[in-house]
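Only one structure is covered here, and it is reproduced in the block below.
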Amino acid sequence: MTVLIVGSGASAVAAAHPLVRAGKEVVMLDVGATDATYAPLIPAEPWLKLRRSDANQHRYFLGDRFEGIPFDRARVGAQLTPPRHYVAADAPRLLPRGGTGFVGLESTAQGGLASAWGAAISPWGPDDLAGLPVSHADLLPHYHAVADLMGVCGQPGDDLSDFLDDPPSMMPPLDPDAPARLILDAYSANRARLRRAGLALGHARLAACSREHDGRGPHPYHDMDFWCDHGRAVYRPRWTLERLLAFPNFTYLPGHLATAFEESGPGRVRVHATRLADSTERAFEGASLVLAAGALGTTRLVLRSLGRYDAPVPIVSNFSPYFPMLNLRMIGRACEDRRHSLTQLTGFYRPVDPSRGMVQLQVYSYRSLLTFKLLKEQPLAIPQARRMMQTLIPVLTLLGIHHEDNPAPAKHAVLRRGHSPTPGVPPDHLELNYAITPREDALQRQTEREVLRLFRSLGCFALRRIHLGFGASIHYAGSLPMRASPGPLETDSQGRLGSHHGVYVADSAVFPRLPAKGVTFTMMANAHRVGTMIASGTP
Amino acid sequence: MPPRRSHDRTLESEAMILGRYVSGRHVPAHLAARYAGAMRALGEPGVLSDPVGDAATARPVLLPFLDAAAGLLAPASALRRRLLVIAAVLETSPEFADLFLPQTVHPIAWIVRLAWESLTAMIKAVLGIPLFFVLRGRA
């Protein structure tokens, strides 16, 4: 009764966890790229100390091939520093893509995209799950289980509690840095007015440990979260993978690219994979298959396995522009070195106009990603730009505005036949085409203007709008939507692929739409639910 | 054909010129060698040899003006790319790190510094733009 799982990212380990603990034989197939170069180079010291003392810092800050020096404009994945490049490095070669208007990012790393995750969690509420054949009550115990697994922190009872159903095991929040504290103070002083205007702000909910949890943490406040995982305080799927490897009924097979699957009858599923070391094909058999290769990876695998070439399926992705802002209250104030690099504050804005959806807000500071990357964005002589950035960075706050997304004909994925230059990689590519209507664009911009106006009253003035492209949020969903009565390219309430008995989808491909709240926590809760149901034989 | 002086230069000497311009300090040999390694790794092995780059490195007194003009008119030019690389190399060395670290200053000093740097950059650009076009016209 082997259960095969494809992928090792956040949804894969969340699905595997209940299966393995229930004693099921689980085989996890994964490409499983890792970083053996940079992580050992980074001393467990704060960012400022490293900057002033480590003669080897150029190796991890710039990379041995100087891959950390970006010549082109900021683009999707720009936050992937050289020690995180491995997360997406092999994807263009192993997971070919095409199309227009979509700049998606995929991973073949051990731990998937969550190996470089910003760790913000936003549990969905009943409204966010509307239309799904899964209720909030169905998901609630799995939110709690995943929260225990990851270790999460936040401030229960603050204004975000009206929007987020916080798990009971939540640890105290990580300390926000000075710029974020000033924003929060200004918000508190004007709270009644801002709440009436639709804005709520609070400490970010994060998959990070503010105190010791399950052998991890507490967060050391080294401001190195973009570069490494000091103290293992921030959740990464490989922490769970390491725990699973201790079970004799769990087998992890890295170096395998799953290429297709077939079901020959109830309880008989076969997965075909390429062993990348020698480009040979291997087959694995099991009673059930859990697809958790990321929404795009799973979509590619399903369309190929079912021979559904040239058949469009929907794709949705949160649109997330960023706004560098001058936080004027920071002028003349010192920035402490003890800080983390994750989201400092989270917020929600609900427009008065009900035709526009709520947006989620993420507030960051800029420091540890280095100053030189900002120099090329300035139309100034470099020495002047350097001195200006030294002065401006303590005052710089980044606001991300995350919009909801709904399926539309202009947003779709199609598997196209082609040729592959890489041995062992099937000769096709996933074409992603994405466009929004002028009305969607106008509504989003209207909401953004309203948010920026409210932030001006908090002392933060936006400098520009940075749009890295649709798909840059790295939140993808909607391609194999969950329905009460699923079709062949849809899934049922248990995540089972339509017309299949033992093939389940455990990643975000099953969510027909994306609310503004981030998808990762809900995706993991749903994957845990799928794994639990398979383990108990419920399906 | 590039001018002869381009052939006489090396990436290391180019690093010394660009590094002194960016930091105002002498650039040690090991950082100049790192710059040369970066240029090779990034696929730009030759020294600056276009008319703008050649003028900027052959006559460092022109560099501030050509850099300011390129920042406005050609932000992706070879000169700006190389200045970005030397800035990255300097920033990630302990001896130059302080030149790139954020600084907290008094509010009045904050305003004065931003105004001064903006004014300086603008003057350099105004002087550099005609020179930039003249040199580009020779290409």
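We name chains A, B, ... by the order of the sequence lines, and we start the count at 1 in each one. All of these numbers come straight from a predicted model, not from anything done at the bench.
- For the atom pair CZ (Arg387(A)) and CD (Glu117(B)), the distance works out to 4.5 Å, reported to the nearest 0.5 Å.
- Between Ala381(A) and Tyr21(B), the shortest heavy-atom distance links the atoms CB-OH, 3.6 Å.
- Neither the backbone nor the side chain of Arg59(A) comes within less than 4.5 Å of any heavy atom of chain B.
- No side-chain donor-acceptor contact under 3.5 Å links Arg81(B) to the backbone of Phe71(A).
- Ranked by heavy-atom pairs shorter than 4.5 Å toward chain B, the options Leu48(A), Leu62(A), Asp54(A), Leu50(A) are led by Leu62(A).
- Taking every heavy atom of both residues into account, Leu99(B) and Arg386(A) meet most closely at O-NH1, 2.9 Å.
- Across all non-hydrogen atoms, the minimal contact from Leu380(A) to Ala121(B) is CD2-CB, 3.6 Å.
- Atom-to-atom distance recorded for Phe100(B):CZ and Ile393(A):CD1 is 10.5 Å, nearest 0.5 angstrom.
- In this structure, chain A has heavy atoms under 4.5 Å from both the backbone and the side chain of Ala38(B).
- For the pairing with Pro102(B), the side chain to side chain contact (heavy atoms under 4.5 Å, CB included) check across Met389(A), Arg367(A), Gln390(A) returns one residue only, Arg367(A).
- Nearest approach of Ile69(A) to Ala88(B), heavy atoms of both residues: CD1-CB, 3.9 Å.
- Contact annotation for Glu67(A): neither backbone nor side-chain heavy atoms come within less than 4.5 Å of a heavy atom of chain B.
- The distance from the CD atom of Glu91(B) to the CZ atom of Arg51(A) is 4.5 Å, given to the nearest 0.5 Å.
- Considering all non-hydrogen atoms of both residues, Pro107(B) and Ile331(A) come closest at CA-CG2, 3.6 Å.
- Contact of the Val85(B) side chain with the Phe66(A) side chain is not registered, since no non-hydrogen atoms from C-beta on lie closer than 4.5 Å.
- For Thr391(A), the parts lying near chain B are the backbone and the side chain together; criterion is any non-hydrogen pair under 4.5 Å.
- The two residues Lys376(A) and Leu84(B) make their nearest non-hydrogen contact at CD-CD2, 3.8 Å.
- Counting only heavy atoms from C-beta outward, the side chains of Leu114(B) and Leu392(A) approach each other to under 4.5 Å.
- Atom CG of Leu90(B) and atom CZ of Phe372(A) lie 11.0 Å apart (nearest 0.5 Å).
- With a threshold of 4.5 angstrom between heavy atoms, Arg34(B) approaches chain A through its backbone and through its side chain.
- Residues Pro94(B) and Gln57(A) meet the side-chain proximity criterion, which asks for heavy atoms closer than 4.5 Å.
- Contact check for Arg52(A) versus Asp98(B): side-chain heavy atoms found under the 4.5 Å cut-off.
- The side-chain heavy atoms of Pro64(B) and Gln384(A), taken from C-beta on, include no pair separated by under 4.5 Å.
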